[in-house]
Structures are given as C-alpha cells and as structure tokens.
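For ligands, and for the atoms within them, numbers begin at 1 and follow the listed sequence.
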Amino acid sequence: NLVSEDTTQVNEQSMPVCDEVPPDLGPVTANKTEMELDWVEKKYPEVDSGGFYSPPNCTARHKVAIIVPFRDRHQHLAIFLNHMHPFLMKQQIEYGIFIVEQNDTSAFNRAKLMNIGFVESQKKKPGGWQCFIFHDIDLLPLDSRNLYSCPEQPRHMSASIDKLKFTLPYDGIFGGVSAMTLEQFTKVNGFSNRYWGWGGEDDDMFHRMKKMHYHITRYNMSIAVYTMLDHEESAPNPKRFKLLLETSKTLEKDGLSTLKYDLVHVEQHHLYTHVLANIDERS
Ligand code: NGS
C-alpha cells in the first residue's frame with residue numbers, strides 16, 4: 001500500500017515527456033507589418049522574463065537557445081518576436097531568445113556575436129542549453145514542422161527562402177538559420193571571430209564542420225520554408241575569400257578559445273534577453 005501511494009505522489013509531481021512530434025504542426029502565416037514591441041509584449045503573458053518558455057503540461061524534449069545577432073534593425077525585432085514566440089511554443093520546446101547586439105562602430109561581426117551569444121546564454125541556464133539555433137532576425141519560418149531542435153548532425157534550417165526563389169544557392173550553405181548541439185559547436189571551436197562585414201563566416205563554419213567530420217542535414221524544401229524581411233544590403237567584406245583559405249589551419253587558434261569582448265550588459269526584457277557587447281579586433 002505504502003509503495004503504491006508513493007508512486008502516485010511522484011506521478012502527480014512529474015509531467016509526462018512531450019510528444020516527439022507535437023500536435024497540429026504545419027504551414028503558418030507571417031505578419032510582416034510594422035508593430036510596436038509594447039503591443040507584442042502584451043500578447044504573450046505565458047513567456048517568462050528574458051524570453052524564456054517551457055511547456056506547462058509536459059517536459060520538453062529539447063532545451064534550445066535561439067541566438068540572434070543584432071544591430072540597428074529595431075523595426076525587425078518586434079516582428080521577429082511576434083512570430084517566433086507562438087511558433088516555438090507550439091513546438092513544445094523549452095527555449096530562450098537571446099538578442100546579441102554589437103555596441104561599437106566597427107563593421108558588423110555576425111559570427112563573433114553568435115559566439116558571445118553562445119557563451120552568455122549558457123550562463124543564464126542552470127544545467128545549460130543542449131542545442132543552439134543561430135538565427136538571422138530577418139528570417140521567419142513558415143512551417144511549424146520545421147522543428148527547432150538539434151539532430152545528430154548540424155542542421156541548416158533556412159534552406160528554402162522566398163527571396164532566394166525557394167532554392168538552395170549552393171550545397172554547402174550554412175547561413176541564415178542553423179542548428180548545432182553543444183558538443184558540435186564546442187568541437188569546432190565555435191565560429192571564427194575574424195569576419196568583419198558581410199559574408200563568408202557561415203562558409204567558414206562549414207569548413208570547420210567538415211574538418212571535424214560533421215555533415216550538414218536539412219529538412220525537406222517544403223518544410224524548411226522562410227520569408228525574408230526587407231532590408232538594405234550590407235557591405236561585403238573584401239577579405240572574406242582570403243580568410244576562408246586559412247580556416248583549416250587556424251581553427252584551433254580562432255574561435256571560442258580566443259573570444260574576447262567587453263560586456264556592456266545582459267538585460268532581461270519580457271520577450272528576450274538582451275546581450276550588449278563591445279567587440280574589437282583583439283580576437
Ligand atoms: C555567399 C556568402 C555567404 C552567404 C551566401 C548567401 O556568397 O556568406 O552567399 O547569401 N559567402 C561569401 O561571400 C564567401 S544570400 O544569398 O543569402 O544573401 O551566406
């Protein structure tokens with residue numbers, strides 16, 4: 001008798017594991033009109049301060065940090081959060097959204113910001129995140145079967161983008177939205193810190209993965225669908241091709257192991273954690 005009572009107690013306290021494939025997933029629409037962040041914040045009271053969420057009725061299978069490199073695109077932030085929170089909640093994952101902003105005036109360094117997001121997000125999670133999704137702010141997923149989790153191999157998520165006519169520009173592309181486990185990201189020493197300006201940093205990651213014998217996986221093109229928000233073109237980095245030739249030699253000497261930055265703050269807003277950092281050419 002005593003034993004069966006104990007079991008009942010445990011069952012009441014612990015929740016079942018969420019379904020492997022959550023119910024009612026499929027195509028979704030995106031609202032891309034200008035909106036106020038204050039208005040978006042009121043729509044999602046179930047999201048905890050810092051942009052954290054875990055499903056209320058089951059234990060999530062995936063603990064995912066969404067890392068978003070950011071500068072100046074304030075008009076995109078509200079649209080992005082308004083789209084991503086309901087999208088991710090429906091997938092029944094445990095997640096946090098980290099907006100990592102470059103505070104200085106040097107050229108945008110997307111890859112270094114993602115490294116910073118990786119390091120700072122881990123500090124915000126007891127036990128740590130197991131999966132990292134690096135996410136451009138101008139891309140909105142249009143099918144919730146595109147699960148924000150990390151499979152056995154790194155996954156390129158944004159394979160089919162409307163602005164790119166829903167075709168893959170080349171086989172090894174790993175930009176836009178990509179997912180890596182803690183182990184995968186650590187083994188390749190994160191991203192390079194040396195790409196200032198547009199282009200190449202994602203190709204550099206491709207080379208790192210190849211060197212460590214990983215390969216890219218993708219969902220079917222009908223599921224990995226994204227819409228891109230309008231923005232001005234950024235200036236390409238003229239040094240990117242030269243840097244790419246050096247990757248396999250410099251992997252150990254350039255990345256998480258050499259990452260240096262001055263943290264301005266880590267602030268918890270309702271729908272996201274804001275990481276603000278000054279970065280420079282020291283690493
Ligand atoms: C390549 C860039 C990548 C970029 C990709 C897609 O040429 O960083 O285009 O860009 N590589 C180099 O410049 C070496 S996109 O069509 O999405 O604007 O991700």
Practice task
Please report the closest heavy-atom contact between L244 and T247, naming both atoms and the distance.
Solution key: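 L244 and T247 have their closest heavy atoms at O-OG1, 2.9 Å.
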Looking at [atom], what's its closest protein heavy atom, distance included?
atom                    : value
atom 17 (O) of ligand 1 : L164 CD1, 3.9 Å
atom 6 (C) of ligand 1  : I173 CD1, 3.6 Å
atom 13 (O) of ligand 1 : R240 NE, 2.5 Å

Using heavy-atom distances only, which candidate in [options] approaches [atom] most closely?
atom                    : options          : answer
atom 19 (O) of ligand 1 : I161, L243, D202 : D202
atom 18 (O) of ligand 1 : W198, Y170, F174 : W198
atom 12 (C) of ligand 1 : D203, L168, D136 : D203

Practice task
Pull out every atom of ligand 1 sitting under 4.0 Å from any heavy atom of L244, numbered as shown with elements.
Solution key: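 Heavy-atom distances to L244 below 4.0 Å select 14 (C).
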Practice task
Taking only heavy atoms of F241 into account, list the atoms of ligand 1 that are under 4.0 Å away from them.
Solution key: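 So the atoms of ligand 1 that pass are 14 (C).
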Practice task
Would you check if the distance from the ring center of F134 to the ring center of F191 is below 6.0 Å?
Solution key: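 Close enough - the centres of the two rings lie under 6.0 Å apart.
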Handout entry: Heavy-atom side-chain contact between W198 and R240 under 4.5 Å
Key =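 Yes - at least one pair of side-chain heavy atoms lies under 4.5 Å apart.
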Handout entry: Side chain to side chain, V188 and M180, heavy atoms closer than 4.5 Å
Key =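 Answer yes - side chains close enough.
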Practice task
Using a strict cut-off of less than 4.0 Å between a Lys/Arg side-chain nitrogen and an Asp/Glu carboxylate oxygen, indicate whether E246 and K239 qualify as a salt bridge.
Solution key: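 Result for this pair is no, no salt bridge flagged.
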Exercise for the section: Say whether M228, considering both its backbone and side-chain N or O atoms, lies within less than 3.5 Å of an N or O atom on ligand 1. Expected result: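 No - when backbone and side-chain N and O of M228 are compared with those of ligand 1, no distance drops under 3.5 Å.
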Practice task
Assign the ring pair H83 / F87 to parallel, tilted or perpendicular, where the plane angle (0 to 90°) is split at 30° and 60°.
Solution key: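 Parallel.
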Exercise for the section: Answer yes if the side chains of Y148 and H135 hold a donor-acceptor pair under 3.5 Å, and no otherwise. Expected result: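 Yes, because at least one side-chain N or O of Y148 sits under 3.5 Å from a partner of the opposite role on H135.
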